There are 2 protein chains.
Amino acid sequence: MSMKDVAAAAGVSLTTVSDALNDRGRLPEATRRRVRDVAEQLGFQPHRTARSLAKGRSGILMLSVSLPESTPGSAVDIEFFVRLMSAASGAALQRGWALVLAPATGGEWSVPVDFDGAIVVDPRPHDALLRLADAEGKPVVTVGRDLENPDRLHVDNDHAAAVREALDLMAEAGAERPALLASEADSSYVRDCVDGYQVWCTARAMTPQVVTAAGGLTQGAGYEAARGFLTESKRPDAVFTTLDSLALGVHLAAQSLGLDMPHDLQIATLSDSEAARQARPAVTAVDLDPVATGKEAVQLLIKAIEEAADAESFLVPTRMHVRGSTGTASPEAVSD
Amino acid sequence: MSMKDVAAAAGVSLTTVSDALNDRGRLPEATRRRVRDVAEQLGFQPHRTARSLAKGRSGILMLSVSLPESTPGSAVDIEFFVRLMSAASGAALQRGWALVLAPATGGEWSVPVDFDGAIVVDPRPHDALLRLADAEGKPVVTVGRDLENPDRLHVDNDHAAAVREALDLMAEAGAERPALLASEADSSYVRDCVDGYQVWCTARAMTPQVVTAAGGLTQGAGYEAARGFLTESKRPDAVFTTLDSLALGVHLAAQSLGLDMPHDLQIATLSDSEAARQARPAVTAVDLDPVATGKEAVQLLIKAIEEAADAESFLVPTRMHVRGSTGTASPEAVSD
DNA sequence: CTGTTAGCGCCTTCAC
DNA sequence: GTGAAGGCGCTAACAG
């Protein structure tokens, strides 16, 4: 069942079939209809690979999540990435593109398919896909800015603003010594959080306390770090963390130290998650909208591939979910 | 940078390049080496699409997760599926294949790439990918059995045995009226659980109580169902659920009714998850090993595509994690 | 408006 | 052992 068969069955040439099926050329509507009917009747399906060869476009998008090397586990342990990936995959399919996940690990690997462009989440210099795409001159969209090349097309959130909003919230509820707990990832979002935090502290004439959690993006890392700063003489009475798993570690540490949340310690974090909702008290979190982010990244990448003029970086709006871990919270239902 | 360039640079013919690069023909080792060196030096990368066209094989595997229509949300809400998918994607890549996720929703969609085979998780008759692959005569491996065609190649667990093991555990801890809470999904694993449960009840001369949770694979569905059977006069003193989210719903219902776990109610469930570990008390769960399952499914599918003689269905071993929600549990650390 | 003709890059006979 | 030629199914110039 190839185009040739359709052409024969319809009594026209290959070109006519191709044009009729692809809405090209200026065929009389009758011919177009007839060819299409024949094609449908024959159950004709275009051979994508052949089409790709001829057009020089594979229709495949690659996506990689570039985690810091120090963190154990993989991207699927982080809800934000899972939702982003799933949304990106769906958005791609919907637009007629296929999305393939790049391998998590670095190391030497080769992509087994031709691809037309790449989405690199939380880019780091060593990211294999990023380098590969650059080497082959293929379009790249990053989620979070590429610190080595800030002008690169990207989708991002305004993390600094989100941090300030959370700090305002906790300060209104009485926080006087809010700390920032950051992961050791050197990503644009972490920098933005630190920047936002420091700007806020300066404006309020407060002494900033930035702690970096060693040991990766895990609850354990947050726990260990929190056990440290929560036992200091002048311990923080509020913490903002750059990742929900860190917040849950702090949560656990606070409980183990007998601290009451939100009274003794308020917690707010970046990246809302089911775990943040399920904790007791539930953790106030900034929803980064990974679904919108994934969709935007795909849309942007496709634009870049098609060399659309209006392909430009995009800021996805965030939304704060206020919960029991911060002072002014009204209790939220489990189903929130 | 095509093979032709390599041929010219190496001063040999196209065939020689092709044979040298693909370990074919009987070239003198020296020639083979030289050609490869030249190719490498030139940074030659074979054009996958062209290769696919010529060989009639795309190198692409599709994977779909076929959820019951009644459930809200998507497959990424279920940890088992996420881990399976991620493992499958990695395993495919490692073997030189690419894996593309099929759209979650039914509806009319078309795959934008040629694919060589499909993995269908938890197959249902209406699964679009399953039908498509069948229609095109492409190999399919299911995760869980296809109830309409039980001989189809699959990867599965011995759920019935896992259920019996859990029931034994709870019975030893004193359970006298264990119930089974099943999702309304008509999948082979649900049937296996019910069968295992009924066999067990018969052997112990106990009256089976099978409850089906309406409303999909959610915590809410488990909660609602549990509020029902936990307020009956002769309420169950133990529950096995076919999915962790249902167990968490039961957990919540038990708490809201003031029941003490595991004393008043024991809970065990299929499919271990982070949420099951984090609950207090933590929920005893059967680890279905989605990572091994995903890898096996890929391996099996590739075998089927390559028409290997030893492609046969596979049972992935399970492992029970005993936690505080069942009587004989020894307290487990958070990091478990 | 429609048909003919080259490719797209690689693989695979088949002669040399 | 090596080279020439045809074909995979479709697209895109270019004639007609």
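Note on naming: letters A, B, ... go to the chains in the order of the sequence lines (proteins, then strands), and numbering restarts at 1 for each one. Worth saying up front: this structure is predicted, and the values here are computed from it rather than measured.
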Side chain of [X]: nearest nucleotide among [options]?
X: Ser13(A); options: dG3(D), dT4(C), dC8(D); answer: dT4(C)
X: Arg51(B); options: dT2(D), dT4(C), dC11(C); answer: dC11(C)
X: Phe44(B); options: dC10(D), dG3(D), dC10(C); answer: dC10(C)
X: Ala50(A); options: dT2(C), dC10(D), dT2(D); answer: dC10(D)
X: His47(B); options: dC10(D), dG1(D), dG9(C); answer: dG9(C)

Check: Asn157(A) side chain, Val316(A) main-chain N or O, donor-acceptor pair, under 3.5 Å: yes

Enclosure of Glu29(A) CD (heavy-atom neighbours >12, cutoff 6.0 Å): yes

Gln41(B) CD: over 12 foreign heavy atoms closer than 6.0 Å: no

Could you check how far [atom1] of [X] sits from [atom2] of [N], rounded to whole Å?
X: Arg32(A); N: dC1(C); atom1: CZ; atom2: P; result: 11 Å
X: Asp19(B); N: dC10(C); atom1: CG; atom2: P; result: 14 Å
X: Lys4(B); N: dA5(D); atom1: NZ; atom2: P; result: 13 Å
X: Arg34(A); N: dC1(C); atom1: CZ; atom2: P; result: 15 Å
X: Asp5(B); N: dG9(C); atom1: CG; atom2: C1'; result: 11 Å
X: Leu14(A); N: dA13(D); atom1: CG; atom2: P; result: 17 Å
X: Arg57(A); N: dG9(D); atom1: CZ; atom2: C1'; result: 19 Å

Determine the contact category for [X]: base if any of its heavy atoms lies under 4.0 Å from a base atom, sugar-phosphate if only primed atoms, P, OP1 or OP2 are that close, otherwise nothing.
X: Asn22(A); value: sugar-phosphate
X: Met3(B); value: sugar-phosphate
X: Thr31(A); value: sugar-phosphate
X: Thr15(B); value: base

Phosphate OP1/OP2 of dC10(C) contacted by Ser18(B) side-chain N/O (<4.0 Å): no

Upstream residue (5' side of DNA chain D) when Lys55(B) and Gly11(B) are each assigned their closest nucleotide: Gly11(B)

5′-ward residue of the pair Val12(B)/Leu53(B) relative to DNA chain D: Val12(B)

Contact check, side chains of Phe81(B) and Val76(B), non-hydrogen atoms, under 4.5 Å: no

Steps toward side-chain hydrogen bond (donor to acceptor under 3.5 Å, both in side chains) verdict (Thr49(A), Asp114(B)): CA-CA 6 Å; Thr49(A) 304; Asp114(B) 289 325; 2.7 Å; yes

